[in-house]
Amino acid sequence: MSALAQIIDPQTADVSMAEADTQRELTDGFHLVIDALKLNGITNIYGVPGIPITDLGRLAQAEGMRVISFRHEQHAGNAAAIAGFLTKKPGICLTVSAPGFLNGLTALANATTNCFPMILISGSSEREIVDLQQGDYEEMDQLAIAKPLCKAAFRVLHACDIGIAVARAIRAAVSGRPGGVYLDLPAKLFSQVMDAEAGAKSLVKVIDAAPAQLPAPHAIERALEVLKGAKRPLIILGKGAAYAQADEAIRQLVETSGIPYVPMSMAKGLLPDTHPLSAGAARSTVLKDSDVVLLIGARLNWLLSHGKGKQWGAPGSKKFIQIDIEPKEMDSNVEIVAPVVGDIGSCVEALLKGMGSKWPSPPSEWLDAISARKEANISKMGQRLLKNSTPMDFHSALGALRTIIKDRPDAILVNEGANTLDLARGIIDMYQPRKRLDVGTWGIMGIGMGFAVAAAVETGKPVLAVEGDSAFGFSGMEVETICRYNLPVCIVVFNNNGIYRGTDVNPTGGADVAPTVFVPDSRYDKMMEAFGGVGVHVATPDELSRAVNAAMDSGRPTLVNAVIDPAAGTESGNIGSLNPQSVVKKK
């Protein structure tokens, strides 16, 4: 047991020397939390220190855990969330009470929406004061606030319950559909003392936290019958497929069936984007013209137009097969004619077994049509990527980064923004699984630096974070965190002087700039230099390529300020249709 103390009360006059020699070792709430996490293989904590959890961070570091301290809890929470996605173990975010808890709560809710396993651990005020609303320091009923936004929420009042609480949190975070869990630890809990031997016995090592959930045989048979009757089949891979780490089975399913596939953004690289069966470059065509669609770890939410509308062709022209561990996901937007409920690895293996070795390939007419569309789209885009203009547009800048990722397939790409995100999804090919991390299901900005930090910490791989200037502003102060821990992160800020673009004007002619416009020609690279990192200012694709390659070679924290034409970019990127516009002219 760690940091055990020999406790003798000097005020007790009748304590003899013999009794002192046999005094039992004690532990406390601080050490029980640390020991419970370590017992379950959790070695990294992301957070922001402060009352009442400052000593918890100090002691965790003393016990050999890696404690990464951020400048803002939301970014620590984002780091914990993506750590969960990368490792399949819950990432841990540690915050102070009330405002710190609320800052971390955004990341917790985002983790739950994205199905990332994460545990938010927050210190809190004492129950007897909170319940009577007597005005404690940072008083808040945090458990009640957290419950609607995560998979599960627990409060621990007694040190002897810490072990079981951590075990329950871990199991809740990773079992079934993964997600966020909140663990509330009131300040008094940390200083509670108990017998060390009893404390050790109270800890729980979670066994089989995410057990396999096998699909029903009849569900597999039904799915194969539907797939067998397809003339224009399509597979869509979602980030759930990437999280499952069933990479080889998924590759075999695609290649055995011969069915073209489209990866959602965080599933890119499960098979290389250059694979002959990749239909990403013909996405619009295959979504509209396919007749049977097999969804693997993908949801028919807004990112896929809810499975209906003109993007999907004529109404009633599609049959959907869906693999998901959550039964309630089926029929969420359209009818699923062949639901397959279970964990992705088990379901894919069962489909492979049912297919056997003589599964018929899709009709050549379908494959040829997709190939023709791919070639046309790739050729059309290729000319734009090679443009060597000054200032750069998004295509020419991303063309340079596309080559860098091709040469460094092991690097991790973090990506956020509007145009920066939308265009990078289609331009930058990925070659290995779980190498592309982006805004995911909610599409929120501000994940960049938290994701970059955790990707570097959890994998040890170089990280390239490609950021729109607006998106970077949400978490830019964490460049200090990147420098402090000397992480191999290269940040590229696409700087076009504003949100979407930097050319809007104030219609009144007043002194205030338009709401979407930033300080022109800002030098984000100077921020990195201020903290001891490398800052580079570039204006051409060649300069961008040289700067990023140098950063990736050196492993030093680097920020590249990439000047983009202020007129480049469209309103809201590819989702402008979601941004309502007023048509009323005020007289």
Side-chain angles (χ1 to χ4, degrees), residues 40-41 84-90 112 114-117 151-152 167-179 181 205-230 233-257 259 261 263-264 266-267 270-271 292-300 319-332 334-359 433-434:
N40 285 286
F85 172 77
L86 290 168
T87 66
K88 299 186 74 173
K89 296 188 297 186
T112 304
N114 274 298
C115 309
F116 299 155
K151 279 189 71 180
R168 293 193 71 188
I170 291 171
R171 191 176 293 278
V174 299
S175 62
R177 173 173 282 178
V181 175
K205 183 174 176 60
V206 180
I207 299 170
D208 201 10
Q213 295 190 28
L214 304 181
H218 69 271
I220 295 296
E221 293 172 5
R222 181 171 52 222
L224 290 172
E225 280 300 312
V226 174
L227 206 56
K228 191 177 295 183
L234 175 67
I235 292 173
I236 297 180
L237 302 173
K239 70 175 177 294
Y243 173 81
Q245 298 191 16
D247 308 337
E248 180 59 23
I250 290 171
R251 183 192 65 79
Q252 287 184 29
L253 178 67
V254 170
E255 294 181 345
T256 298
S257 68
I259 298 174
Y261 69 93
M264 302 301 286
M266 284 182 62
L270 268 171
L271 290 87
V292 172
V293 180
L294 170 59
L295 301 157
I296 304 179
R299 292 176 280 185
L300 287 172
K319 291 183 178 179
F320 288 100
I321 305 165
Q322 185 165 8
I323 298 175
D324 202 288
I325 203 166
E326 174 53 67
K328 294 195 298 292
E329 185 60 38
M330 308 303 174
D331 307 317
S332 60
V334 296
E335 179 187 9
I336 304 298
V337 301
V340 181
V341 177
D343 71 273
I344 287 171
S346 298
C347 293
V348 171
E349 292 282 2
L351 286 174
L352 272 170
K353 184 178 179 181
M355 283 180 174
S357 59
K358 297 182 179 180
W359 186 264
R434 292 168 296 281

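Here the structure is a predicted model, which means the values were calculated and not measured.
The closest side-chain heavy-atom distance from Arg168 to Arg171 is not below 4.5 Å. Using a 4.5 Å heavy-atom threshold, the side chains of Glu329 and Pro339 count as separate. Contact annotation: the side chain of Lys205 approaches that of Asn40 to within less than 4.5 Å [non-hydrogen atoms, C-beta and beyond]. For the pair Lys88/Tyr243, a side-chain contact is recorded, criterion being any heavy-atom separation below 4.5 Å from C-beta on. In this structure, Leu227 and Met355 have side chains that are in contact, with non-hydrogen atoms separated by less than 4.5 Å. Leu351 has its side chain out of reach of Val340: every pair of non-hydrogen atoms, C-beta onward, lies at least 4.5 Å apart. Put simply, the side chain of Asp247 reaches to within 4.5 Å of the side chain of Arg434, judged on heavy atoms. Counting heavy atoms from C-beta on, the side chains of Leu300 and Ile336 come closer than 4.5 Å.
Between the OH atom in Tyr261 and the CD1 atom in Ile250 there is a gap of 11.0 Å [rounded to 0.5 Å]. Separation of atoms CD (Gln252) and CG (Leu271) is listed at 11.0 Å; rounding is to 0.5 Å. Atoms CD1 and CZ, on Ile236 and Arg299 in that order, are 14.0 Å from each other to the nearest 0.5 Å. Here Asp324 contributes atom CG and Ile296 contributes atom CD1; the two are 11.5 Å apart, rounded to the nearest 0.5 Å. Taking NE2 of His218 as the reference point, atom CD of Glu225 lies at 14.0 Å (rounded to 0.5 Å). With values rounded to the nearest 0.5 angstrom, Cys347 atom SG is found 10.0 Å from Leu294 atom CG.
Taking all atoms of both residues into account, the shortest heavy-atom contact from Ala244 to Ile344 is CB-CB, 3.9 Å. When every heavy atom of Ser175 is checked against every heavy atom of Ala209, the shortest pair comes out as CB-O, 3.3 Å. Nearest heavy-atom pair, Phe85 versus Lys239, reported as atom, atom and distance to 0.1 Å: CE1-O, 3.7 Å. When all heavy atoms are compared, the tightest approach of Ala173 to Pro117 is O-CB, 3.5 Å. The two residues Ala338 and Val226 come nearest to each other via the heavy atoms CB-CG2, 4.3 Å. In terms of heavy atoms, Lys89 sits closest to Gly41 at NZ-O, 2.6 Å.
Comment: Glu248 engages Arg251 in a salt bridge, judged by a side-chain N to carboxylate O separation of less than 4.0 angstrom.
Checked by atom type and distance alone, the side chain of Thr256 never pairs as donor or acceptor with a backbone atom of Leu253 at under 3.5 Å. In this structure, Lys319 contributes its side chain and Ala230 its backbone to no donor-acceptor pair below 3.5 Å.
The side-chain contact (heavy atoms from CB on, under 4.5 Å) test with Val341 is passed by exactly one of Gln322, Lys328, Met330: Met330.
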